[in-house]
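Chain A is the first sequence line, chain B the second, and so forth, proteins listed ahead of strands; every chain is numbered from 1.
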There are 2 protein chains.
Amino acid sequence: MPKWKFKAWCTGYPGGKPPRFLRPFLLLLLLVEGKSHGYELLERLREYGLNYELQDIGYLYRTLRVMEREGVVSSRWDVSGEGPGKRVYTITEKGKKELEEWTRTLASIKDSLDSFLKIYMEARGKSE
Amino acid sequence: MPKWKFKAWCTGYPGGKPPRFLRPFLLLLLLVEGKSHGYELLERLREYGLNYELQDIGYLYRTLRVMEREGVVSSRWDVSGEGPGKRVYTITEKGKKELEEWTRTLASIKDSLDSFLKIYMEARGKSE
DNA sequence: TGATTTATATGATTTAGTCATATATAATAG
DNA sequence: CTATTATATATGACTAAATCATATAAATCA
């Protein structure tokens, strides 16, 4: 049994590790949510069907910090709500521009995956 | 001007690097082509719409070697054809099983990308 | 015969991602 | 009231993924 609840959520992908989509996924969530913090963003990923199977929540926080350093998000420390203090992030104008670029990238990757699945299904159909 | 022709093919993705799909793409190509070698597989990637924008052809050869070590492909050195010797690969039974797993993984990733693009388009529609 | 194309390969490095663990506040159970 | 669990963020050390730079060699072309 895992020491932290988070570990139990992490099942991993069969046949491969999740790729480099954490950053665009976080940018998108911050665009549609307006503002959010790390722990909450983790839950939103699932709710929005962005099945990013994160192995390590530390990486999520680290990624947000890197994104802030690069100016695509900004944060402030918030102790006003319930529970412990949260680092609340918002997307910047620079972040919105980067998200737009990501959208083209991910659309192109999606096209490749469509091709992949189509070719595989055709090959399966023939051999059977 | 690049010293090697290959360098000129590499434009890179805007807004992010290509993810970990080289291995499943190569497995699929070997399934449908029967057999092929590294340099040829690079061309097939584009022909089949698997737009994997490889930055470094060395990584392709390295990946094939790793895949062979792990038993998902096998190779033999072939000097019978035109041009210099080629290392010709075929997919193994183990490779076919792994490819099937990859198919589920990539289908799940495709779903995430569909969600991403849908959410982005909706958000764009509202703000404009 | 010198440049180009086809073809494979690897040492060194950088970047991405994971593992293990630390810390602190608030809520809940006994 | 205290011990445990849940919420929340963080970082040092490490491993794996990917790139950069470069080497090699046979065949073809100018």
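- Counting only heavy atoms from C-beta outward, the side chains of B/Leu54 and B/Leu45 never approach each other to under 4.5 Å.
- Nearest-nucleotide positions on DNA chain C place A/Tyr59 closer to the 5' end than the other of A/Tyr59 and A/Glu82.
- If you check D/dT9, D/dT7, D/dA26 against the side chain of A/Pro84, the one that comes closest is D/dT7.
- Between the CG atom of B/Leu60 and the P atom of D/dT19 there is a distance of 12 Å, given to the nearest Å.
- For the pair B/Arg20 CZ and D/dT15 C1', the computed distance is 11 Å after rounding to whole Å.
- Side-chain contact between B/Lys86 and B/Glu40: absent, with no pair of heavy atoms (C-beta onward) separated by less than 4.5 Å.
- One can place CG of A/Leu42 at 12 Å from C1' of D/dT7, the figure rounded to the nearest angstrom.
- No more than 12 heavy atoms of other residues, nucleotides or ligands sit less than 6.0 Å from atom NZ of A/Lys35.
- Closest approach to the A/Tyr61 side chain among D/dT9, D/dA26, D/dA18 is made by D/dT9 (side chain taken as heavy atoms from C-beta onward).
- The shortest side-chain heavy-atom distance between A/Arg104 and A/Glu101 falls under the 4.5 Å cut-off.
- Base pairing analysis places D/dA30 opposite C/dT1; the two distances defining the Watson-Crick or G-U wobble pair are each below 3.5 Å.
- Atom CD of A/Glu43 is separated from atom P of D/dT7 by 7 Å (rounded to the nearest Å).
- In terms of phosphate contacts, A/Arg87 brings no side-chain nitrogen or oxygen within less than 4.0 Å of OP1 or OP2 of D/dA8.
- The side chain of B/Gln55 sits closest to D/dC20 out of D/dC20, C/dT8, D/dA8.
- A/Tyr89 places a side-chain heavy atom less than 4.5 Å from the side chain of A/Arg65.
- Note: CG (A/Asp56) to P (D/dG12) measures 14 Å, nearest angstrom.
- Nucleotide C/dA9 holds its C1' atom 9 Å from the CH2 atom of B/Trp77, rounded to whole Å.
- Each of A/Gly85 and B/Val79 has a nearest nucleotide on DNA chain D; the 5'-most of these lies closest to A/Gly85.
- Rounding to whole angstrom units, NZ of residue B/Lys86 and P of C/dA9 are separated by 13 Å.
- At the phosphate of D/dT11, neither OP1 nor OP2 sits under 4.0 Å from any side-chain N or O atom of A/Arg62.
- Atoms CZ (B/Phe21) and P (C/dA16) sit 16 Å apart, rounded to a whole Å.
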